[in-house]
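Given the structure is predicted, the values throughout are model-derived calculations rather than measurements. Throughout, protein chains are lettered first and strands after them, A, B, ... in sequence-line order, and every chain is numbered starting at 1.
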Amino acid sequence: MQYWLMKSEPDTFGIDDLAARKNATEHWDGVRNYQARNFMRDRMKVGDQILFYHSACKTPGVAGIARVVREAYPDHTARNPESKYYDPKASDDDPRWYMVDVQFQRKLSRLITLKELKGNPALDGMALLKKGSRLSIMPVEEAHWRAVLAME
DNA sequence: GCCAACGTTGGC
DNA sequence: GCCAACGTTGGC
């Protein structure tokens with residue numbers, strides 16, 4: 001069992017949007033960063049737990065929990081010229097970009113804000129809190145996972 | 001809206 | 001392979 005943090009902009013797709021999806025499941029398309037892609041493609045397994053993080057919004061923070069329900073497969077939006085995620089370098093032979101499916105588990109009883117996370121010494125060293133960290137998908141250590149949920 | 005940090009692109 | 005220019009992310 002591994003733990004992850006995935007960022008999403010709530011104005012576009014927040015935890016409530018995930019909960020409202022059919023089967024509360026959505027494919028995580030549009031990832032166009034190699035490091036984030038590699039985490040999905042090479043390491044994510046069905047059953048892994050995810051902190052659903054709201055970014056680029058008024059109050060950034062952890063909003064809920066999701067889990068991986070399908071392992072990496074080609075991100076078809078890369079092959080669609082109509083998509084804003086279109087990548088002309090993606091091909092059938094080399095899909096280049098991948099996505100996983102994630103399912104809503106639960107919403108936290110309250111938003112645990114970035115500010116609070118930064119103030120928790122138990123989270124020292126967490127990738128999310130490192131200066132200049134822009135990765136949209138990152139692994140979370142089990143101790144950090146527990147410490148975040150203990151703040152709920 | 002600003003800007004720091006970071007990733008990607010492309011000329012050389 | 002270097003690195004300047006550019007684009008994006010995301011907190012504030």
Side-chain angles (χ1 to χ4, degrees), chain A residues 2-21 26-44 48-68 71-102 104-141 143-152:
Chain A
Q2 302 170 98
Y3 302 97
W4 304 93
L5 180 143
M6 296 173 86
K7 296 179 182 175
S8 190
E9 300 182 15
D11 296 339
T12 304
F13 188 80
I15 188 74
D16 292 330
D17 296 302
L18 180 61
R21 280 289 191 268
E26 179 66 305
H27 45 264
W28 206 266
D29 61 16
V31 172
R32 294 294 179 269
N33 170 283
Y34 290 108
Q35 210 178 338
R37 177 203 68 181
N38 293 346
F39 283 140
M40 282 198 295
R41 189 189 60 185
D42 304 336
R43 292 178 53 186
M44 270 195 190
D48 284 0
Q49 300 278 107
I50 302 160
L51 293 174
F52 194 110
Y53 179 86
H54 283 173
S55 68
C57 57
K58 193 173 176 189
T59 310
V62 176
I65 310 286
R67 66 172 175 161
V68 178
E71 282 160 30
Y73 58 105
D75 179 346
H76 54 74
T77 64
R79 303 278 283 123
N80 175 10
E82 306 294 306
S83 169
K84 66 171 177 169
Y85 299 124
Y86 177 62
D87 181 350
K89 290 177 182 166
S91 67
D92 288 337
D93 283 346
D94 177 16
R96 197 153 140 127
W97 302 113
Y98 291 79
M99 59 190 178
V100 296
D101 287 355
V102 306
F104 174 83
Q105 295 274 94
R106 70 183 182 91
K107 197 172 168 176
L108 297 192
S109 57
R110 65 182 192 87
L111 182 76
I112 300 175
T113 67
L114 176 61
K115 190 179 173 187
E116 290 176 81
L117 296 172
K118 284 180 172 172
N120 185 347
L123 297 178
D124 281 355
M126 189 179 180
L128 175 74
L129 306 181
K130 288 188 178 148
K131 188 179 171 189
S133 160
R134 297 185 314 169
L135 258 189
S136 62
I137 297 174
M138 58 188 97
V140 174
E141 292 169 25
H144 290 157
W145 172 276
R146 287 214 202 90
V148 169
L149 294 186
M151 298 169 76
E152 191 178 356

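- The pair A:K89-A:D94 does not meet the salt-bridge criterion, since no charged nitrogen lies less than 4.0 angstrom from a carboxylate oxygen.
- Just one residue in the list A:E82, A:K84, A:R32 forms a side chain to side chain donor-acceptor pair (under 3.5 Å) with A:T77, and that residue is A:R32.
- The ring of A:W4 has its center no closer than 6.0 angstrom to the ring center of A:F52.
- Backbone-only engagement by A:K118 is indicated by non-hydrogen atom pairs under 4.0 Å involving sugar-phosphate atoms exclusively.
- In the helix from B:dG1-C:dC12 to B:dC12-C:dG1, the rotation axis of the first five pairs and that of the last five pairs differ in direction by 10°, rounded to 10 degrees.
- Shown here are the salt bridge (charged side-chain N to carboxylate O under 4.0 Å, His left out) partners of A:E116, two or more places apart in sequence or in another chain: A:R110.
- The closest side-chain donor-acceptor pair between A:Y73 and A:D101 falls under 3.5 angstrom.
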Inset, instruction - Take A:I65 and A:W145 through the test side-chain contact (heavy atoms from CB on, under 4.5 Å) and record every step on the way to the result. - result: CA-CA 11 Å; A:I65 310 286; A:W145 172 276; 4.0 Å; yes
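- With contacts defined as side-chain heavy-atom distances shorter than 4.5 Å, the pair A:M126/A:L117 does not qualify.
- Along DNA chain B, read 5' to 3', the first and last nucleotides having any atom under 4.0 Å from a heavy atom of chain A are B:dA5 to B:dT9.
- Here A:L111 contributes atom CG and A:C57 contributes atom SG; the two are 7.5 Å apart, rounded to the nearest 0.5 Å.
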